[in-house]
Amino acid sequence: MATETMTTTMHGAIAPTEPGHHPDLRLFGLIVFLMSEGMLFVGLFAAYLTFRAVATEWPPEGTPELELLLPGVNTVILMSSSFVIHQADEAIKENKLAAVRGWFLATFVMGAIFIAGQVYEYAHLEFGLTSHLFGSTFYILTGFHGLHVLIGLTLIAAVLGRSLKPGHYRAESHFGIAAASIYWHFVDIIWIVLFVLLYLL
Amino acid sequence: MTQVIPHYPMGDAQPNRTPWWTYFTFSTDHKVIGIQYLVTTFVFYLIGGALAAIIRTELATPDSDLMPPEWYNGMFTMHGTVMIFLWIVPSVTGGFGNYLVPLMIGARDMAFPFLNALAFWMIVPGATLLMGSFFVGPASTGWTAYPPLSILTEQHAGQIMWIFSLLIIGTSSILAAVNFVVTIWSMRMPGMGLFDMPLFCWATLAAAIMVLTSTPVLAGALILLSFDLMGGTNFFNPTGGGDPVVYQHLFWFYSHPAVYVMILPVFGIVSEVLPPHARKPIFGYKAIAYSSMMICALGLFVWAHHMFTSGTPDWLRIFFMVATLLVAVPTGIKVFSWMATLWGGKLRLESPLLFAVGFISMFVVGGLSGVMLGSAPIDIHVHDTYFVVGHFHYVLFGGSVFGIYAGLYHWFPKMTGRMFNEFWGKVHFVLTFVGFNLCFLPMHILGLMGMPRRVAQYDPQFTTINQICTFGAFLLAISTIPFLVNAVYSWLWGEAAPNNPWQALTLEWTTTSPPHPHNWEGDPVLETGPYDYGKDYSQSSLVRH
Ligand code: HEM
Ligand SMILES: [Cu+2]
């Protein structure tokens, strides 16, 4: 008994959607996911602050002050890269694919510099992961964030690759570009909080 | 008031269009995935149940004579972990949620079908790791894995596998939750506002938000724990300058909300089961919907009631005590709404309603002991005793498991296209109800007498009461047999189910049993609110022909 006829409906509402046809909800999904992922960092930040509050001395005696210049420059680079990738988001709305590639490439380079700077900093720090609680939290937080930067770089590279396919990204349809740039903003925001907590406070 | 039940045509069962082997594939159909979850998690329920039977056998005598105490520790750790992470959480969210949400909101599928299948199949490596840890010496530090014990444990490999298994299962539940939020928010059929949704969808939305907020924090705790175990750090090891209490905070920031993840969807199930079987509209639709959201918000700020004895300062204890007691308010709103729904209804006292009513009564007992535990002065005395074990089994077994059974009986005809045997359903209910209370009610007394939890040996003065518990546990084990036989037999050879055996009004009952692969052959039509029972349709244009 497939169909039942009825005189009226409550709201006169009949679903017009065919299987698999609904508005693109992927960006919404991504944002929900990133909000959740942000909680991972919130948890780690809270742990960091508690360790710090409970410790008798923070950082432990003899730990040299963290160098501010390199991470400061890195912060400026990462923050500016968020504005750079945003230009790509704007450009695709006018179908300017060449500009999109340029902005994405620039973001990629800036992200890579950030990672290189972090590797340099790691190599020159006088404490390691297991030296003391301060070192452990430092490496876990920055390392975890660095991992997210690497994921962001992979996404950007993937978008660059796909943009070579003619017609893949258009003004009306460019989920990949939007997703990569939202993800990049996310990585940026986390870094700002992290920078304040680890280096400035 | 005369009750006019709208006339729904009944017909022969539809041929099942889903061949059996589909359930072993990476299908992206939400109905297949829902059933995959339900069946898989039930298998884990049986495994966890077998562990429970072994635990209770050990506890039948005061001495640790069935197995060495270290094994006992592994048993209760695996029991708790399996029951929470592989049975109740995935069953009520992944199982019922996936099967029902799209059908209830008139959608063809979930928003991200591929992600949905991925989330389900992640359970396989997660569960394999957990089960595999049995062979290397399972984790034996309880489902809470408190450091420093868990980082100093001898069962290193097992503890590490336990951590990674939980990370995988946690990711799976985050992905599923993303899907629920987006689906419920954006895929409702035209004309269905948020307040036209069945209450199960509200409950699932609230549970999904809790998963999204809290699970990543558990992941953070487990990652730090794994570094302590493998990377030489000392986050949670006081001898290395770390602080084990930080782990407790992170762990409970997840695990208290997790108890609501395990109960909110069940609240939803019960809100769906009561009205059609009582032939009355749900009492207080908005109150129930809002209270789900209130529990979601409040439930995120009560976690330290698990830590009243962890050196928590007094002002924090007071904060968490007040917040905890506040959660009882939205919970109470629900309980009274359900009772008012039953009041004066034409009760159809069959298995779905029996289990739903069983749920209400047992959950209230668990809620009351919860309020007792939520008061710090009492909790300090009974923390880590069998009183706590009694409490959480009343909410998790008497609550979640009874509710799951109510839901399984209620939707069995829809899911399988066949009716179950009602007589054996009643036998199942009576055995479960009696066995459950025999097993867990005495635990409250044991706890008040001072018997600690998580021990293989105990003072001989507790023997008699423990034996009653063990007897109840065996009865519970037996009670599962009529259910299993009934379910398997009825699925294969049961009487064909009509589309709408309960004359229910939610959308899933407007399609065939089992539903068409695209849920409705034509388009779903919203003709009534979800709970408009007893409305006189003969006087209105809403009557069906
Ligand atoms: C009225 C609502 C509730 C209140 C006030 C409440 C309160 C508490 C408190 C204070 C504890 C800690 C006891 C201790 O360790 O000393 C506790 C433990 C527990 N509760 Fe509840 N609870 C409530 C509802 C629930 C629900 C609905 C569930 C699950 C569906 C649940 C599951 C648990 C579990 C699993 C534990 C034990 C955790 C462990 O230590 O292993 N509770 N509850
Ligand atoms: Cu709790």
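Both backbone and side-chain heavy atoms feed into the values below; hydrogens, waters and symmetry mates do not. Here is how names work: the chains are called A, B, and so on, in the same order as the sequence lines, proteins then strands, and each is numbered from 1.
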Problem - Aromatic centroids of A:Phe51 and A:Phe134 separated by under 6.0 Å - result: no
Practice task
For each of A:Met39, A:Met35, A:Arg26, tally heavy-atom pairs with chain B at distances under 4.5 Å, and name the one with the top tally.
Solution key: A:Met39
Completion exercise
The interface call for A:Leu25 against chain B, heavy-atom contacts under 4.5 Å, is both
Practice task
Could you tell me whether B:Phe235 and B:Phe227 have their ring centroids closer than 6.0 angstrom?
Solution key: no
Practice task
Identify which part of B:Trp520 has an atom lying under 4.5 Å from any heavy atom of chain A, answering side chain, backbone, both or neither.
Solution key: neither
Problem - Within-4.5 Å side-chain heavy-atom neighbours: A:Val159 and A:Tyr169 - result: yes
Practice task
Assess whether atom CE of A:Met79 is packed by more than 12 heavy atoms of other residues, nucleotides or ligands within 6.0 Å.
Solution key: no
Handout entry: A:Phe144 versus chain B, the contacting section by heavy-atom distance below 4.5 Å
Key = side chain
Handout entry: Contact origin within B:Asn234 toward chain A - heavy atom pairs under 4.5 Å
Key = backbone
Handout entry: Residue of the set A:Ile190, A:Val193, A:Ile189 for which side-chain contact (heavy atoms from CB on, under 4.5 Å) holds with A:Phe41
Key = A:Ile190
Completion exercise
Cut-off 4.5 Å, heavy atoms of chain A, and the answer for B:Ile209 is neither
Exercise for the section: Against chain A, work out which of B:Thr511, B:Asn237, B:Val217 has the most heavy-atom pairs shorter than 4.5 Å and name it. Expected result: B:Val217
Practice task
Taking atom types as modelled, find out whether B:Asn499 and B:Thr512 have a side-chain donor-acceptor pair closer than 3.5 angstrom.
Solution key: no
Handout entry: Nearest-0.5 Å distance, CG of residue B:Leu167 to CG of residue B:Leu225
Key = 10.0 Å
Practice task
Check whether more than 12 heavy atoms from other residues, nucleotides or ligands sit under 6.0 Å from atom CZ of A:Phe83, and answer yes or no.
Solution key: no
Handout entry: Option that, when pairs with chain A are counted at under 4.5 Å, heavy atom only, ranks first among B:Trp185, B:Phe253, B:Tyr247
Key = B:Trp185
Problem - Contact origin within A:Leu129 toward chain B - heavy atom pairs under 4.5 Å - result: both
Problem - Note: B:Arg108-B:Asp523 ion pair, threshold 4.0 Å (strictly below) - result: yes
Problem - Side chain / backbone / both / neither for A:Ser131 at chain B, heavy atoms under 4.5 Å - result: neither
Practice task
Among the options A:Thr56, A:Leu44, A:Leu30, A:Val42, pick out the one with the most heavy-atom pairs lying under 4.5 Å from chain B.
Solution key: A:Leu44
Practice task
Check whether B:Leu115 gets within reach of chain A through its side chain, its backbone, both or neither, counting any heavy atom under 4.5 Å.
Solution key: neither
Problem - Under 4.5 Å from a heavy atom of chain A, the part of B:Leu218 involved - result: neither
Exercise for the section: Under 4.5 Å heavy-atom distance to chain A, tell me which part of B:Val246 shows up: side chain, backbone, both or neither. Expected result: side chain
Practice task
Tell me, for B:Phe180 versus chain A, whether the close heavy atoms (under 4.5 Å) come from the side chain, the backbone, both or neither.
Solution key: neither
Exercise for the section: Go through A:Glu37 and A:His148 one step at a time and tell me if the side-chain hydrogen bond (donor to acceptor under 3.5 Å, both in side chains) criterion holds. Expected result: CA-CA 11 Å; A:Glu37 176 136 24; A:His148 282 75; 2.4 Å; yes
